[in-house]
Amino acid sequence: MMDNRVTNIVIAGLGGQGVIRASDIAADAAFRSGFDVKKSEIHGMSQRGGFVTSDVRFGRQVSSPMVPRGEADYLVVLAPDQLEAVRGSLRPGGVLILPDGLNGEPLPNKKTLNVALLGILSTHLPIPEANWVEAIRSSLPEKFHEANLHAFQLGRRQATVHT
Amino acid sequence: MLISGNEAVALAAQRAGVALGTGYPGTPSTEILERFSELGGRAQWAPNEKVAFEVAIGVAYASARAVVTMKHVGLNVAADPLFTAAYTGVSGALVVVSADDPGMASSQNEQDNRRYAVAAGVPMLEPADSQEAYDFTLQAIEISERWGLPVMLRMTTRVCHSKSVVHPERTCAPPPPPSYTRDIAARVMIPSNARPAHRRLRAKLAQIAEWNETSGPNRVIPGSNSLGIIADGVAFQHAREAAPEASFLQLGMTHPLPVETIRKFANSVERCVVIEEGDPYLADTIRAAGISVESKPEMFRFGELNVDRVRRILAGDTTPEPAPPPGKAPELCNGCPYRTVYRALRNLDCIVAGDIGCYSLGALPPFEALETLVCMGAAIGVGLGLRHVLPPEEARRVVSVIGDSTFVHSGITGLVEMVYNPPSTGHVVIILDNSTTAMTGFQEHPATGRTLDHQPTGKLIIEDLCRALGVADTHVIDPTRDPEAFEKLLGDSLASGRLAVIIARRSCLLVTGRLRELERCQ
Ligand SMILES: Cc1ncc(C[n+]2csc(CCOP(=O)(O)OP(=O)(O)O)c2C)c(N)n1
């Protein structure tokens with residue numbers, strides 16, 4: 001598992017959708033699993049509803065904090081209408097994760113879409129489920145734990161049912 | 001721990017017993033002081049970077065440790081005290097964090113502040129990740145105390161905001177208790193004292209250069225001798241990935257440079273390439289020392305570097321780079337009080353001298369009502385200049401628009417200028433008072449009446465200040481309560497031919513919620 005390969009994830013969406021939160025959770029889950037981790041994004045005007053992307057990289061040793069263009073193994077897009085702006089970051093054969101991966105399964109809380117898509121992502125990664133759960137808990141105030149853990153499990157279930 | 005470069009600086013400052021952290025918000029530096037405060041450090045927002053720097057000098061004159069933080073353009077504002085503090089030196093520690101923004105993720109220019117370290121004659125450290133941000137903050141404190149000089153910690157957006165793993169093992173000796181020793185010859189920079197002070201500074205720099213050769217935070221990573229790469233900051237990380245087989249000289253202290261170390265490294269490889277973001281500062285300096293190295297092609301002066309771009313530099317590939325299609329641009333929030341202001345400015349066909357903040361979004365569709373943006377505070381001066389020379393019928397349409405935090409930062413002197421040199425057609429200044437520094441993430445400022453950690457404190461009353469400066473026609477109005485009344489007030493003020501300030505006061509939507517939350521928690 002700990003070979004030299006770096007796993008590259010790009011998460012994209014609009015300000016307010018929780019792109020940065022999602023990448024924080026993914027980075028923390030990888031860190032808890034013993035990997036070297038880097039994550040990077042442009043903050044700036046993200047609060048004002050603009051396009052945001054965040055990169056998460058993990059492996060035995062990671063140098064650059066940014067995923068080189070065309071080298072993302074996983075591209076998670078929260079706002080499908082923004083897909084064109086990030087499509088180029090995915091490598092050929094890489095995995096694209098979109099809200100329709102939830103197969104219409106309704107999310108009780110729209111704000112948890114970011115974590116639901118992490119649920120799908122998690123089924124592809126060598127990170128134990130317990131570390132995802134811990135990462136979610138430690139990145140959110142307690143009152144949001146239940147809804148987000150629910151969303152995470154929903155994403156995980158959909159991914160395993162439909163692949 | 002997995003933390004950002006900014007958090008790492010804050011952690012190191014807290015562990016080193018920094019007595020005061022001060023600064024003015026600015027992406028990508030803002031979180032340093034916020035985190036330092038959360039960790040229990042004493043952190044304060046100053047009205048602007050110059051004041052922050054001066055407060056930090058005072059702390060360091062009292063033998064204590066100070067950190068002052070700002071974005072790159074903030075150092076322009078603080079440049080005056082920086083240059084002379086290098087002459088006076090300090091008795092404690094003074095660490096100046098300059099957070100540069102190559103690529104301009106959220107800045108008006110991409111100036112390369114490494115030039116400031118050279119121009120002012122202060123030592124400069126450049127971390128490449130969070131671990132080094134932690135280590136170098138401590139090292140900067142040590143260097144500052146050892147040589148009695150301000151030290152610049154030069155970060156960039158990707159170092160400030162990227163998270164990476166930190167083992168906070170390094171420590172530094174605890175600070176001595178603050179104390180004052182009178183030293184007029186060292187600290188009063190009248191010419192007779194400043195002349196020897198300049199010589200002292202240069203002598204210190206020569207010593208530091210020598211130290212940097214043997215003990216500085218630079219490292220050689222041996223690799224192939226056909227390619228050697230010299231790199232600083234995050235560029236080092238990109239280069240490591242782009243050419244893992246190469247030999248590396250990573251420069252952690254980039255002023256004064258360890259020239260002999262560089263010469264030895266360059267001589268040890270067949271091809272030696274300098275990889276740096278922004279200006280060719282390293283390459284120019286190294287070449288001036290008679291060392292033969294390759295520099296990047298001019299097209300890579302612009303924007304950030306990344307792994308792809310470093311691969312191109314190494315391959316000599318100067319073909320045009322593909323630009324991905326843009327994503328959705330940010331815009332003024334729905335219900336933002338600025339929207340009604342910009343509508344009125346459009347309706348009255350105003351010529352709008354603008355400034356920097358969320359309200360700069362008024363330059364984009366659908367408003368396109370903000371027509372200039374140079375630097376913080378410029379709205380007032382630029383508006384006055386336009387008024388002075390345009391034909392009266394055009395001059396009468398000129399309005400200056402400035403945010404509340406920006407007004408306190410550097411708009412007050414503009415207002416003094418307006419009263420002192422009034423245009424013959426009068427002038428109208430709109431202060432957009434949303435009770436926060438929204439642009440950089442909702443920081444407090446002197447006119448919110450709350451400190452960095454949101455505690456009540458002395459409050460600057462903007463309208464009282466404007467009246468005291470001599471602007472009798474100072475109005476306070478909520479632009480959203482009655483947009484027509486706002487437009488009428490603006491129209492009347494323009495028609496009056498007098499000097500007027502309109503304070504458009506309405507809290508930022510995003511901050512009202514936060515404040516309520518804060519009050520609930522208290
Ligand atoms: C010298 C300098 N310091 C800091 C900044 C970063 N910055 C730009 S605008 C701004 C303040 C914005 O606050 P305000 O004027 O209240 O406008 P708002 O964003 O709330 O609309 C800051 C901190 C800068 N561009 N230049």
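Lettering follows sequence order; numbering is per chain, from 1.
Contacts with chain B were tallied for A:S40, A:G88, A:S63, A:A85; A:S63 has the most, counting heavy-atom pairs under 4.5 Å. For chain B, the option among A:D36, A:D24, A:L83 with the highest count of heavy-atom pairs below 4.5 Å is A:D24. Ranked by non-hydrogen atom pairs under 4.5 Å with chain A, the options B:S164, B:P326, B:P244, B:A235 are led by B:S164. Put simply, of B:D129, B:D101, B:V159, B:L2, the one with the most heavy-atom pairs under 4.5 Å next to chain A is B:L2. Counting heavy-atom pairs closer than 4.5 Å to chain A, the top residue among B:V310, B:N306, B:V165, B:T440 is B:V165.
Using a distance-only test at 3.5 Å, with no hydrogens or angles considered, a donor-acceptor pair links the side chain of B:Y342 to the main chain of B:Y359.
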**Q.** Stepwise side-chain hydrogen bond (donor to acceptor under 3.5 Å, both in side chains) test for A:N148 and A:T112
**A.** CA-CA 6 Å; A:N148 280 277; A:T112 59; 5.3 Å; no
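Of the N and O atoms on the side chains of B:S4 and B:N6, not one donor lies less than 3.5 Å from an acceptor on the other residue. Looking at B:S405 and B:Y24, their side chains do bring a donor and an acceptor atom within 3.5 Å of each other.
The side-chain tip of B:R309 does not point at the ring of B:F300 from less than 6.0 angstrom away and within 45° of straight on.
Heavy atoms closer than 4.5 Å to chain A are found nowhere in B:I3, neither backbone nor side chain. Contact annotation for A:R87: neither backbone nor side-chain heavy atoms come within less than 4.5 Å of a heavy atom of chain B.
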